[in-house]
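Here the structure is a predicted model, which means the values were calculated and not measured. First the proteins, then the strands, lettered A, B, ... as listed; each starts at 1.
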Protein chains: 2
Amino acid sequence: MNIGEAARASGVSAKMIRYYEQSGLIPKAGRTTAGYRDYSATDVHMLRFVRRSRDLGFTMAEIEDLLQLWRDRSRQSADVKRIALARIADLRRRIQEMEDMAATLEHLASCCSGDNRPDCPILADLEQGELAKPRRSRGAIDRSP
Amino acid sequence: MNIGEAARASGVSAKMIRYYEQSGLIPKAGRTTAGYRDYSATDVHMLRFVRRSRDLGFTMAEIEDLLQLWRDRSRQSADVKRIALARIADLRRRIQEMEDMAATLEHLASCCSGDNRPDCPILADLEQGELAKPRRSRGAIDRSP
DNA sequence: GTGGGGCTTCCAGTCGTTGGAAGGTCAAGG
DNA sequence: CCTTGACCTTCCAACGACTGGAAGCCCCAC
């Protein structure tokens, strides 16, 4: 099975498969005599594992750990659960930050007449609103299309 | 006022001020004879505007629009409100995606005994769980420290 | 044997920031 | 006056997780 077929079967693009291989997340695939990468059903299974993990928001580093645990028959479910709980806590924190932003914006928008006059409480807030203090994580957002 | 003072007064780092200037978000600052950037109180005001906007999750492109509206005395508040509402909708969408991830993970974690046995429903799901279909935005997350 | 699609590698760009190196400037103290 | 140290300047690179493209080889159907 070449990389294109593996990509279609796993839902991971060929580009990403090569990238994951190059960055060491997944082992190097075998090659045909022509130099094409060759994938087995097990490899596709692993790729689907990676894909699903990304869909659930795990980082590359976390997926690396999860893959090791997946392959390790003597693993402890506590190890996996720990990673999942950390991910949940992170999600909850980010959700809260975004909720705070949304609430502030909704309040401002509800105070804005939204007509053809220039007076705007949104701009007034941006002009003078208090700044978030700690600034360790600004709650910056993935703005991919 | 040099860039360091402007940074402290606005809450935007000197690095970011230079970056914003270079990328055209803010106008080029005047220079002293020695070549140092020179900032007025108005400039600091503008930098605080940018900082606050970033804190509220606006994109650079949106901030550019907001800055123009801020400077435009004949603006219409509807224009500002439109940008804010778009931002809110985007936030709500992202929050929902992350809520879905968190709910799935919480369900999986609650089914996981988390002990020293290898049986783990989290790994079982990653192995076989259904993939998110549309995949236009994967809900990838900013994982800045 | 030829066309078109798939495969290979490598390089660059995305976004918002942060870090560092190399060198010029300023103000205070000796 | 000279040194020290804090500040400024520019430029270059990296982060994460991809995505796109160019140049060139390979495979299969016609």
Side-chain angles (χ1 to χ4, degrees), chain A residues 1-26 28-39 47 50-64 87 90 94 97 101 132 135-145, chain B residues 1-26 28-39 47 50-64 90 94 97 132 135-145:
Chain A
M1 190 190 266
N2 68 25
I3 200 170
E5 293 168 304
R8 281 185 290 276
S10 67
V12 181
S13 74
K15 279 272 190 197
M16 287 313 302
I17 295 175
R18 291 193 198 96
Y19 170 74
Y20 288 151
E21 175 180 316
Q22 200 225 326
S23 61
L25 181 70
I26 59 176
K28 295 199 173 183
R31 300 289 181 135
T32 66
T33 50
Y36 283 20
R37 285 177 183 78
D38 192 39
Y39 296 93
L47 289 169
V50 172
R51 163 79 198 277
R52 171 71 171 157
S53 301
R54 289 294 308 146
D55 284 342
L56 285 175
F58 288 99
T59 63
M60 302 276 283
E62 284 169 332
I63 297 173
E64 220 169 321
R87 186 96 286 278
D90 194 38
R94 291 173 190 286
E97 286 175 0
M101 286 185 218
R135 196 76 194 302
R136 290 187 319 181
S137 169
R138 243 200 51 270
I141 286 144
D142 168 37
R143 301 155 195 299
S144 58
Chain B
M1 190 190 267
N2 68 25
I3 201 172
E5 293 169 304
R8 281 184 290 275
S10 66
V12 181
S13 73
K15 281 270 189 197
M16 287 313 301
I17 295 174
R18 293 193 197 95
Y19 170 74
Y20 288 150
E21 176 181 317
Q22 197 223 324
S23 61
L25 181 70
I26 59 176
K28 295 200 175 186
R31 301 285 183 139
T32 65
T33 49
Y36 284 19
R37 285 176 183 79
D38 194 38
Y39 295 93
L47 288 170
V50 172
R51 163 79 198 276
R52 172 73 171 157
S53 300
R54 289 293 306 146
D55 284 343
L56 286 175
F58 287 100
T59 63
M60 302 277 282
E62 284 169 332
I63 296 174
E64 220 169 323
D90 196 38
R94 292 172 190 286
E97 286 174 0
R135 195 81 193 298
R136 292 186 319 181
S137 169
R138 243 198 50 273
I141 286 147
D142 168 35
R143 301 157 195 299
S144 57

Could you check which of [options] has an atom nearest any side-chain atom of [X]?
| X | options | answer |
| --- | --- | --- |
| B:Thr59 | D:dT9, C:dG16, D:dA17 | C:dG16 |
| A:Met16 | D:dT9, C:dT17, D:dC18 | D:dC18 |
| B:Asn2 | C:dT17, D:dT10, D:dC7 | D:dC7 |
| A:Ala34 | C:dG16, D:dC18, D:dC27 | D:dC27 |
| A:Arg54 | D:dC18, C:dT8, C:dT25 | D:dC18 |
| A:Arg18 | C:dG16, C:dT9, C:dT18 | C:dT9 |
| B:Tyr19 | D:dC18, D:dT9, C:dT17 | C:dT17 |

Determine whether any donor atom in the side chain of B:Tyr36 lies under 3.5 Å from an acceptor atom in the base of C:dG24, or the reverse, and answer yes or no. yes
hbond_proxy A:Lys15 side chain to D:dG21 base (donor-acceptor, 3.5 Å cutoff): yes
Using a strict 4.0 Å threshold on nitrogen-to-oxygen distance, state whether A:Asp55 and A:Arg52 make a salt bridge. no
When the distance from [atom1] of [X] to [atom2] of [N] is rounded to whole Å, what number comes out?
| X | N | atom1 | atom2 | value |
| --- | --- | --- | --- | --- |
| A:Asp38 | C:dC7 | CG | C1' | 13 Å |
| B:Arg8 | D:dC7 | CZ | P | 6 Å |
| B:Phe58 | C:dC15 | CZ | C1' | 18 Å |
| A:Ile63 | D:dG16 | CD1 | C1' | 12 Å |
| B:Leu25 | C:dG16 | CG | P | 10 Å |
| A:Arg51 | D:dA17 | CZ | C1' | 14 Å |
| B:Ile17 | C:dT18 | CD1 | C1' | 15 Å |
| B:Glu21 | D:dC11 | CD | C1' | 15 Å |

Using OP1 and OP2 only, check whether a side-chain N or O of A:Arg37 sits under 4.0 Å from C:dT9. yes
Does B:Ser13 put a side-chain nitrogen or oxygen below 4.0 Å from OP1 or OP2 of C:dT18? yes
Which is more 5' along DNA chain C, the nucleotide nearest B:Thr33 or the one nearest B:Ala61? Just name the residue. B:Ala61
Heavy-atom pair with the smallest gap, counting every atom of [X] and [Y]:
| X | Y | value |
| --- | --- | --- |
| A:Leu47 | A:Val12 | O-CG2, 3.5 Å |
| B:Ala29 | B:Glu21 | N-OE1, 3.4 Å |
| B:Ala7 | B:Ala14 | CB-N, 3.7 Å |

Is the side chain of A:Asp38 donor-acceptor paired with the backbone N or O of A:Met1 at a distance under 3.5 Å, no angle test?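 Side chain of A:Asp38 to backbone of A:Met1, a donor-acceptor pair under 3.5 Å: yes, one is there.
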